[in-house]
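Every chain is numbered from 1 and lettered A, B, ... according to where its sequence line falls, protein lines coming before strand lines.
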Number of protein chains: 2
Amino acid sequence: MSVLTDAREAGDADAAAPVGASVRNRILDHAQALFAEQGYAGTSTRAIAQGAGVNLAQLHYYFGAKRDLFKAAYLRGAAHVTEARSRALDQARAEHPDGDIPLERLVRAFVEPFMLNTATPEGRATMAMHARLHTEPDDIGKEVLAQVYDETTLAYTEAFRRALPHLSFETACWRLYFMMGAYRYTLMRTGRLEAMSGGLCDSGDFARAVEEIVPFLAAGLKAP
Amino acid sequence: MSVLTDAREAGDADAAAPVGASVRNRILDHAQALFAEQGYAGTSTRAIAQGAGVNLAQLHYYFGAKRDLFKAAYLRGAAHVTEARSRALDQARAEHPDGDIPLERLVRAFVEPFMLNTATPEGRATMAMHARLHTEPDDIGKEVLAQVYDETTLAYTEAFRRALPHLSFETACWRLYFMMGAYRYTLMRTGRLEAMSGGLCDSGDFARAVEEIVPFLAAGLKAP
DNA sequence: GTCTATATGGGGATAGAC
DNA sequence: GTCTATCCCCATATAGAC
C-alpha cells in the first residue's frame, strides 16, 4: 500500500522519510512505528511529525486530534489483516466441505495471518499495536478492536467450538482466551525469548513462531 | 504489609486514603493502582499525589523521580510474589525427591503464585503492573523484571526442561515463551473473556483461571 | 516532614499569514 | 496545503518558608 523504509528507524530524526510518499502516508507510517514501540501515551504528536518530516499543523490538518490519528494509523494496517483472516478461514473451510476442520488446521488459520503480516515494517508495526492494544488508556483499544476484529473473531470462535465439542462452553472460552494471550505476547517481541534461550531463539522469526505455536496451542485446546 | 482500601477507587478524589496508613504507603498504594490501570506514561505524579491525599512535594521527598516511584511501587508488591514462587517450587520439589516433578504439578507451581496473588487489591495491582511491564517505555520493564524475577524464573525454566526431555532446547524455550504470554494476558483482565463468553465467564475469577490454565498449558508444553 | 510557590519544559491544539 | 508563531494547559521537579 505504501512504500516505506524500516519503521524502526523512526527515532533517528527524519532520515526515514521517503520523498516520494504522500504526506498522509508518511505521517501514518511514523505514527504506526512510534505508537507500536511506545504506546499511545508514550508517543507525542510532535515526535510523529518530526519523524515524518512535516510540521505539527499539517498533522492536525490531515488527521485532527491525536486520538483520531491513532485510530487511523491502526485501522489502515488492520484492514489487511482482517481480510487475510477472513480468507484464511474461508480456505480452511473450503478444504473441509463437511464442516469439520481439524484443530491444527484451524489454529494455523487463526494465527498465521497475524504472524505473517509481520513480513513488512508496516505490518510489524500494526501487529505490535494490535498486541498492546489492551494496555492503552481510555479504552482506545476496545473501541478500535470492536471496529475491526469482532466479526471475524466471532466466526473463528464458532469454528473452534465446533472443532472442540468435548469441551464445555466455558472451558472453551477460557482456552481461546489463553490462546489470545500467547499469540499477542509473541507478536510484541518482548525480548524474553532471547533472554531465556541465551540468544539461540529469535522472537522476530515469525515463520518459526507459527510452526512452534500451532502444535502448542492445538494440544492445549484439545486437552481433556 | 499495608492496610488498604480497594485500589480501584483511586480515581475518586482522595476518598480512598485511609487515615491510619503512613504517607509512604498511601503513596505506594495509589501509585500501584494507577500505574496498573494506565501504565507508566499514562499516569501523572499529580494524580497519584491527589489520590493519596498528599501534595506533590511530599511525593518527591519520599521517592524522588517518577521513575523511582514506579520501581518502588512495583518492587514492594513483587517481593511477595517472588517469595511465593520460590516456596511453590521448593514444595513441588519436596513432593518429588527423585527430581521428577510431573508437568502438571510444575505448571501449577509456576502460575499459582501469580494468580492467587490477586486475592488482595494491592496484589491485583502488582500483577497488573507485572502483566503490562513489557509495554512500558524506556525499558523500565526490563530493568525491574531483571531485578526481581530472573533468578526464580531461571530455576523454573530448568525444572521445566527437566520435565520436558523430549523437546529440543529451542522448542522448549518457545513453549515457555508462549506460556508467559498466556498467563500474563490472563492477569490483565482485558475484558475479552467476558466479551467472548457473553458474560458467562469472569476473568477476575483467578482460582478458576488456575484450574483452566493448568491443563491447557501442560498439554501444550508436552505436545509431540 | 509538610506545604506553597514556582521554575522549566513538553504536550495538544489552533490562528492566521502565505 | 503549508508553515510560523503562539495559546494554554499539564507535567516533572525543586526552592525555600514553616
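Remark: the backbone N or O of B:Thr43 is paired with a side-chain donor or acceptor of B:Lys66 at under 3.5 angstrom. With hydrogens and angles ignored, the 3.5 Å screen pairs no side-chain donor or acceptor of A:Tyr156 with any backbone N or O of A:Glu151. Panel note: side chain B:Thr153, backbone B:Asp150; no donor-acceptor pair is recorded below 3.5 Å.
Atom CE in A:Met179 sits 12.0 Å away from atom CZ in A:Phe216 (nearest 0.5 Å).
A centroid separation of less than 6.0 Å is found between the aromatic rings of B:Phe160 and B:Phe110. Remark: aromatic rings of A:Tyr185 and B:Phe178 are distant, center separation not under 6.0 Å.
In this entry the distance linking CG of B:Leu56 with C1' of D:dG16 reads 16 Å, nearest Å. Look at CZ on A:Arg46: it is 11 Å from C1' on D:dA5, rounded to the nearest Å. Per the geometry, CD1 belonging to B:Ile27 stands 14 Å off P belonging to D:dT12, to the nearest Å. Atom-to-atom, CD of B:Gln38 to P of D:dC10 comes out at 15 Å; the value is rounded to the nearest Å. With rounding to whole Å, B:Tyr40 atom OH is found 13 Å from D:dA11 atom P. Rounded to whole angstrom, the span from the CZ atom of A:Phe35 across to the P atom of C:dG11 amounts to 12 Å. For the pair B:Leu69 CG and D:dT14 P, the interatomic distance rounds to 14 Å; values are reported in whole Å.
Only B:Ala57, B:Gln58, B:Tyr61, B:Tyr62, listed by number, bring a heavy atom of residues 57-68 of chain B to less than 4.0 angstrom from any atom of DNA chain C.
Overall, the helix from C:dG1-D:dC18 to C:dC18-D:dG1 carries an axis bend of 10° between its ends, with five pairs at each end and the value rounded to 10°.
When only modelled atom types and interatomic distance are considered, A:Ser197 and B:Glu170 share no side-chain donor-acceptor pair under 3.5 Å.
Each of C:dG12, D:dT4, D:dT12 was ranked by its minimum atom distance to the side chain of A:Asn55; first place goes to D:dT4. When distances are taken from the side chain of A:Val23 to each of C:dG11, C:dT2, D:dT2, the shortest belongs to D:dT2.
Between A:Thr45 and C:dG12, a side-chain N or O to OP1/OP2 separation shorter than 4.0 Å is present.
Atom CD of B:Glu143 sits in a crowded spot, with more than 12 heavy atoms from other residues, nucleotides or ligands closer than 6.0 Å.
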Without placing hydrogens or testing angles, list every side-chain donor-acceptor pair under 3.5 Å for residues 125-139 of chain B, not counting sequence neighbours.
unit_1: B:Thr126; atom_1: OG1; unit_2: B:Gln32; atom_2: NE2; d: 3.0
unit_1: B:Thr126; atom_1: OG1; unit_2: B:Glu122; atom_2: O; d: 3.0
unit_1: B:His130; atom_1: ND1; unit_2: B:Tyr74; atom_2: OH; d: 3.1
unit_1: B:His130; atom_1: NE2; unit_2: B:Tyr183; atom_2: OH; d: 2.9
unit_1: B:Arg132; atom_1: NH1; unit_2: B:Ala36; atom_2: O; d: 3.2
unit_1: B:Arg132; atom_1: NH1; unit_2: B:Glu37; atom_2: O; d: 3.0
unit_1: B:Arg132; atom_1: NH2; unit_2: A:Thr135; atom_2: O; d: 2.5
unit_1: B:His134; atom_1: NE2; unit_2: B:Ala131; atom_2: O; d: 3.3
unit_1: B:Thr135; atom_1: OG1; unit_2: B:Arg132; atom_2: O; d: 2.8
unit_1: B:Glu136; atom_1: OE1; unit_2: B:Tyr40; atom_2: N; d: 3.0
unit_1: B:Glu136; atom_1: OE2; unit_2: B:Tyr40; atom_2: N; d: 3.2

